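Here the structure is laid out as structure tokens; the discussion comes afterwards.
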Amino acid sequence: MQRIGVFVCHCGTNIAATIDVKAVAETLSKEPGVIVSQDYQYMCSESGQNLVKNAIKEHNLTGVVVCSCSPRMHENTFRKAAASAGLNPYLVEIANIREQCSWIHKDIASATEKAIILGKAAVAKVHLNAPLTAGESPVVKRALVIGGGIAGIQTALDIAEAGFDVDIVEKNPTIGGKMAQIDKTFPTLDCAACILTPKMVEASQNEHITIHSFSEISDVKGFVGNFTVTIKKKARFVDETKCTGCGLCTEKCPMKKVPNEFNMGLDNRSAIYIPFAQAVPKVATIDPNYCMMMKTGKCGICSKVCSAGAIDYKQQDQYIEQKYGAIVVATGFNPINLDKYDEFAYNQCPDVVTSLELERLMNAAGPNGGTLLRPSDKTHPHKIVFVQCVGSRCDDSKGKPYCSKICCMYTAKHAMLIREKYPDTEVYVFYIDVRTPGKNFDEFYRRAVEQYNVHYIKGMVGKVTPRSDGKIDVQASDLLANEQLHIDADMVVLAAAIEPDKTARPLATMLTTQMDTNDFFTEAHPKLRPVESATAGIFLSGACQGPKDIPETVAQASAAAAKAIGLLVKNSITCNPCVAHSNELMCNGCSSCEKVCPYGAITYIDKEFKMPDRTVAIRRVASVNPAVCQGCGACTVACPSGAMDLNGFSNSQIIAEVDAICK
Amino acid sequence: MQVNENKEFQPLIVAFCCNWCSYAGADLAGTNRLNYPDNIKIIRVPCSCRVNPMFILRAFQRGADGVILCGCHPGDCHYTSGNYFTRRRMTLLFSMLDFLGIERNRTRVEWVSAAEGAKFAATMNEFTEAVKKLGPNRRLEDLRCRKQ
Amino acid sequence: MQEAMINKAKQLLSEGVVNRVIGWKRGEFAYDITPAVFENAEEIEKSFVYDDFTAANVSKYLVKESKKDGKILAFLKPCDTYSFNQLIKEHRIIRENVYIVGIPGGPKLDAEKIKAKGITGILGVKNENYTLKIDTIYGEETMPFYEAVLDKCASCKSKKHVIYDELIGEDGDTLDSNRFDMVEKLENMTAQERYDFWRSQLSKCIRCNACRNVCPACTCEKCVFDNPDSGIENKAPSDSFEENMFHIIRAFHVAGRCTDCGECSRVCPQNIPLHLLNRKFIKDINTFYGEFQAGEDITSLAPLNEFKQNDCEANIIHERGVE
Amino acid sequence: MNKNLKEQVLRSSGVNVLKCMRCGKCSGTCPSYDEMEYHPHQFVYMVERGDIETLMNSKSIYKCLTCFACVDRCPRNVEPAKVVEAVRLAAVRQQGNNHMNPNQIPEMLDDDMPQQAIVTAFRKYIK
């Protein structure tokens with residue numbers, strides 16, 4: 001027999017002014033199972049809580065109903081009080097008679113009547129509450145960072161700093177990411193390499209950090225605190241442990257006509273290559289698509305010149321399996337492909353370049369050694385046109401619907417650097433809006449205009465036409481002057497929209513994390529949990545979550561690290577006990593629940609059942625991992641047989657509430 | 001049942017609210033003292049996707065005159081995708097009820113965020129009025145549960 | 001056809017490919033054909049039947065049969081293959097344990113329709129140029145063939161086998177059927193008319209559970225209506241609400257999984273057009289979420305188990321059609 | 001501002017002018033820009049403001065080549081050329097204003113005038 005205590009709070013006059021609390025307590029005392037029903041001025045106060053605690057002990061209560069403010073306010077307070085008095089905290093129910101009753105109604109009679117009904121519903125529910133115990137699940141003290149750009153490096157360094165082992169998985173032969181390709185950074189104009197490379201070196205030397213370069217994630221299993229990840233180390237045909245990075249092989253390699261990805265294909269590299277001088281790890285990689293030895297079996301020069309004996313043409317992909325407690329995604333971004341924007345003649349004219357290509361053209365380690373020359377004829381450009389928002393802020397059919405955020409600032413930077421270094425060059429920037437929110441950002445942009453005399457023109461370029469004399473005709477509108485312009489430019493620079501890396505989508509599927517329609521990872525809460533994914537134990541760092549500049553990326557990377565560390569310091573995590581569970585006797589094994597579970601918490605096992613006719617049958621039944629389940633209940637409705645139910649909000653509990661309300 | 005001509009029909013309405021958005025929205029309506037009729041009785045569920053069509057039918061069976069389901073706006077679900085499933089399930093269920101000739105305005109789905117106290121109150125006012133117009137639920141009630 | 005099937009069954013049994021055959025045998029009357037499992041050639045020779053009255057879908061039986069030892073031969077009509085596929089998708093059938101021979105389907109005949117013409121004592125039928133010759137104990141009667149066709153066959157959606165190991169006869173195609181006509185007609189009525197229509201139909205329900213028992217989508221280990229904890233347990237409809245609830249919940253539970261095989265209406269002893277409820281869901285799913293045919297494949301997600309971010313809102317119901 | 005005219009233009013063009021983000025790419029791309037008093041982006045903006053009579057009275061509506069470069073390049077699929085066409089249609093549909101008086105016809109006749117033009121002119125004869 002249930003022994004339920006009801007406690008009605010006056011909340012000063014907040015409740016008592018509109019609701020006859022005595023009448024509520026009196027009426028509810030007659031409900032079945034209720035053996036004590038009291039009212040008090042402030043139930044959440046210490047003496048109020050003591051009232052509840054004493055009643056639990058004195059009457060040996062099996063359930064508590066508090067008629068008070070919203071459970072979102074004080075459910076935890078009363079659960080803790082119950083627990084301290086020896087009652088399972090999940091045997092407490094709150095009837096919300098303040099926010100959802102006394103504060104919205106004026107008529108005392110009807111408000112009191114409603115409060116009684118809400119109280120009855122809570123009593124009906126608490127009759128069916130079961131004691132729940134929060135489970136615990138151990139945490140593996142190791143983190144995985146996917147992506148080795150500035151976001152991944154920063155996250156890894158912060159986690160390592162806290163004393164946890166962390167692995168970086170980078171798909172390219174070196175870490176560094178996009179920042180390594182950038183020349184200078186806004187708004188300070190300091191050199192990107194000068195601030196990035198020390199961090200790369202630090203990462204490679206940190207005893208807690210393992211870098212898996214030229215590697216990909218091939219499988220993820222498990223859940224928060226206990227992920228099992230398979231990492232595919234792609235064959236680079238060079239033994240990483242032996243290679244000293246001397247670079248002799250790259251010099252001697254006869255195949256030198258391979259487009260250099262690091263320089264955006266603006267120059268060539270050899271078939272065996274180290275992406276750039278400061279690469280980490282500084283290890284050569286053979287590109288099997290170009291290597292003569294791999295293609296024809298004739299060459300082998302690199303192997304001959306390598307004194308370390310690191311070359312291994314027979315190397316195979318390797319798979320490593322590793323357990324992690326937390327995973328940080330830092331897969332970054334890429335500029336979009338500009339093939340469909342014919343009007344900008346990107347594919348027709350080598351002197352129409354993207355901003356990232358311009359970075360390489362201006363970089364001292366770039367194809368021209370830092371001198372800005374036209375890619376077509378290596379002459380000095382005298383008129384350069386920048387086009388903003390190429391592929392950003394578009395209708396879905398025309399490009400990306402979002403603002404790529406970083407273009408306004410890097411264009412101002414480019415314009416300024418060019419005007420600084422080559423004062424004889426005229427620079428035009430066609431913009432729709434100049435967006436410069438950020439510390440010292442607008443000041444930076446104004447400097448480009450006022451100090452460096454960059455011509456900012458409000459309007460969009462309509463057509464770019466390469467001319468036979470080598471000039472490029474840029475046809476654009478000047479909306480403020482209300483005229484159409486033709487500029488005979490030497491170079492055109494397109495601020496291409498940025499998009500998430502292509503590897504992000506399959507990765508999200510493996511991690512069971514959500515993405516938006518643009519393939520950016522979705523954060524758990526747009527304001528309050530911006531660096532966590534909705535899947536517990538998966539954190540987001542950098543531009544994989546949305547367009548970001550470097551300071552924002554680093555800030556988010558450290559935030560993600562802090563969240564990951566917060567998880568890793570725990571020996572075990574307490575699980576929310578209000579999770580789904582499946583009644584195996586009724587489960588059909590149809591997989592409906594698995595399909596709607598946003599967390600991948602449901603798996604299927606083949607289980608033996610003793611049948612009524614004494615035979616043994618093997619049936620496929622659902623099994624919920626309580627450490628992963630977040631308790632949304634989607635599965636309970638997807639289940640046609642009603643085998644799936646949710647602790648704390650069970651079918652019978654909700655039906656009891658419905659009945660009590662409708663009675 | 002005797003109809004008292006002087007007394008306006010007072011419908012009984014069950015509102016299922018998800019814990020993270022709509023229930024918080026209802027709380028906000030309370031905090032801002034935005035009135036809505038006491039016909040509305042709220043049941044808290046973790047997510048709108050927890051609401052089984054059985055609960056809705058049960059409410060009608062036991063004498064509810066209207067059922068409204070509130071959840072986070074699409075895309076804002078605390079559990080990322082719950083309300084998308086809700087939307088499909090309820091669209092089909094309501095369509096079926098309509099197909100069976102049960103007044104379509106007795107059921108509704110609304111997205112109310114934790115910040116939309118005013119919307120919650122307005123929605124409840126409006127829904128109560130709509131159900132009032134329909135009168136008592138007769139087409140989907142259990143005669144044995146009829147109040148005397 | 002029956003001859004070819006019997007030969008095929010005997011051959012597969014003797015080759016040891018299968019150890020059982022699921023087919024049909026005759027009941028008390030000529031038109032009373034029910035599924036049956038045969039274990040040897042003699043049984044098959046003696047009572048295997050496949051004729052114009054053989055409409056029953058054997059897919060559901062394979063839920064149990066495929067879990068037994070050895071392989072079973074199943075003859076599946078095109079419509080049955082959809083149910084079979086759907087059950088594979090739901091992991092209810094072990095595919096490896098079934099050898100499927102696809103056979104041409106209907107149109108099958110409805111004995112009730114023949115009887116409605118006042119023809120009784122049916123011994124057998126023959127279709128001669130679309131005139132049905134009915135052999136009865138009172139002598140031969142005739143009626144137009146198409147007037148005796150089962151409703152579910154009259155609105156056939158597909159002559160195509162979506163799964164099989166081998167075929168007897170040729171495979172057909174999916175058809176443009178008029179299967180949603182009646183649903184549309186109801187949709188265009190007023191709510192009161194619809195209500196009256198369904199009351200007149202559903203009030204006939206005697207809760208014999210034939211619809212549930214025959215339905216290939218209703219394979220739950222324990223039905224919610226039989227489960228005292230489900231909150232909707234109910235054995236016999238005591239009033240209009242329970243009549244409604246059973247059929248609403250049943251239709252909802254099979255929504256997105258129902259292949260529209262039409263067995264529910266075929267077996268209903270009270271002739272309630274139950275398939276209209278399922279078709280209503282199918283029609284809504286097609287309109288709201290894109291064409292979907294349950295059982296067409298074994299990989300696609302059921303419409304209620306997936307979503308699109310730009311799905312229509314539920315209030316579309318309030319905005320369209322007749323109130 | 002003429003609300004009916006605006007609605008008519010919006011309906012006959014099928015264009016949602018509110019999608020415009022004022023980038024001016026339409027005008028940047030327009031080959032008849034210099035011929036026009038009002039340019040494609042202004043068409044979109046003025047229709048949004050409801051300032052349609054001004055456009056109808058401007059020669060600009062006849063200067064649009066309907067080459068659809070603006071439609072092709074508009075990043076937000078606003079389709080300015082359809083707006084121009086709709087305004088042109090609104091002008092053509094107006095009873096009276098732009099129709100010719102029979103007395104005007106003879107003096108316009110010369111040897112270079114194509115037959116078709118004369119017929120068209122008569123079709124627009126004021127009733």
Side-chain angles (χ1 to χ4, degrees), chain B residues 48-49 52-63 68-71 73-77 80-111 123 127 130 133-134 137-146, chain C residues 183 186-187 189-199 201-202 224 230-232 238-242 244-249 251-253 255-256 276-281 283-285 287-289 302-323:
Chain B
S48 58
C49 71
N52 197 310
M54 297 188 312
F55 304 158
I56 293 171
L57 292 184
R58 178 81 165 205
F60 282 126
Q61 174 186 27
R62 299 292 158 129
I68 182 166
L69 186 57
C70 299
H73 285 270
D76 293 348
C77 176
T80 64
S81 57
N83 51 5
Y84 288 124
F85 292 117
T86 308
R87 187 163 64 180
R88 282 201 170 190
R89 289 166 184 166
M90 293 307 140
T91 307
L92 290 184
L93 177 72
F94 294 172
S95 177
M96 178 54 77
L97 294 179
D98 181 47
F99 188 60
L100 293 178
I102 289 136
E103 303 92 333
R104 52 174 71 161
N105 291 330
R106 290 197 191 279
T107 48
R108 190 181 291 186
V109 174
E110 280 291 339
W111 310 127
T123 303
F127 186 59
K133 265 189 216 146
L134 292 172
N137 159 35
R138 285 287 172 261
R139 291 185 185 169
L140 197 63
E141 67 166 347
D142 195 328
L143 292 170
R144 298 166 300 178
C145 301
R146 189 182 278 195
Chain C
V183 175
L186 278 163
E187 283 171 348
M189 293 179 180
T190 64
Q192 183 65 48
E193 286 167 340
R194 283 199 294 273
Y195 181 73
D196 294 342
F197 172 83
W198 281 111
R199 281 317 316 139
Q201 292 295 340
L202 295 179
V224 284
S230 71
I232 51 167
S238 55
D239 65 5
S240 63
F241 175 82
E242 288 185 343
N244 279 331
M245 178 182 68
F246 176 76
H247 294 289
I248 296 172
I249 295 283
F252 188 81
H253 277 181
L276 292 178
L277 296 173
N278 300 325
R279 279 195 186 155
K280 169 65 178 166
F281 274 141
K283 184 168 179 279
D284 279 348
I285 287 168
T287 331
F288 297 150
Y289 312 124
L304 278 176
N305 289 348
E306 69 164 347
F307 60 83
K308 290 205 183 68
Q309 289 175 340
N310 56 358
D311 279 340
C312 60
E313 295 294 338
N315 62 14
I316 192 168
I317 309 302
H318 303 262
E319 287 160 5
R320 62 167 190 180
V322 186
E323 162 67 60

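Note: hydrogens, waters and symmetry copies are ignored here, and every other heavy atom, side chains too, is used. These figures come from a predicted structure and were not determined experimentally. We name chains A, B, ... by the order of the sequence lines, and we start the count at 1 in each one.
- Judged by distance alone, with hydrogens and angles left aside, the side-chain atoms of R139(B) form no donor-acceptor pair with the main-chain N or O of L100(B) at under 3.5 Å.
- Pairing each heavy atom of I285(C) with each of P303(C), the nearest pair is CG2-CG, 3.5 Å.
- Ranked by heavy-atom pairs under 4.5 Å with chain C, the first of L140(B), T86(B), V109(B), L69(B) is L140(B).
- Ranking F197(C), W198(C), Y289(C), F252(C) against chain B, the residue ahead of the rest is Y289(C), based on heavy-atom pairs under 4.5 Å.
- Distance check, rounded to the nearest 0.5 Å: CD1 of I317(C) to CG of N105(B) gives 12.0 Å.
- Only the backbone of N305(C) comes within contact range of chain B, judged by heavy atoms closer than 4.5 Å.
- No other option in M96(B), R58(B), E141(B) has as many heavy-atom pairs under 4.5 Å with chain C as M96(B).
- Neither side chain, N52(B) nor R89(B), offers a donor N or O lying under 3.5 Å from an acceptor on the other.
- In this structure, chain B has a heavy atom under 4.5 Å from the side chain of D239(C), while its backbone stays farther away.
- For the residue pair S95(B)/D284(C), the side-chain donor-acceptor check at 3.5 Å is satisfied.
- Both the backbone and the side chain of E306(C) come within contact range of chain B, with heavy atoms under 4.5 Å apart.
- Considering only heavy-atom pairs separated by less than 4.5 Å from chain B, the leading option among V224(C), D196(C), V183(C) is V183(C).
- Considering only residues two or more places apart in sequence or on other chains, F60(B) meets the ring pair (Phe, Tyr, Trp, His ring centres under 6.0 Å) condition with none of them.
- Looking at Q61(B), both its backbone and its side chain come within 4.5 Å of chain C, counting heavy atoms on both sides.
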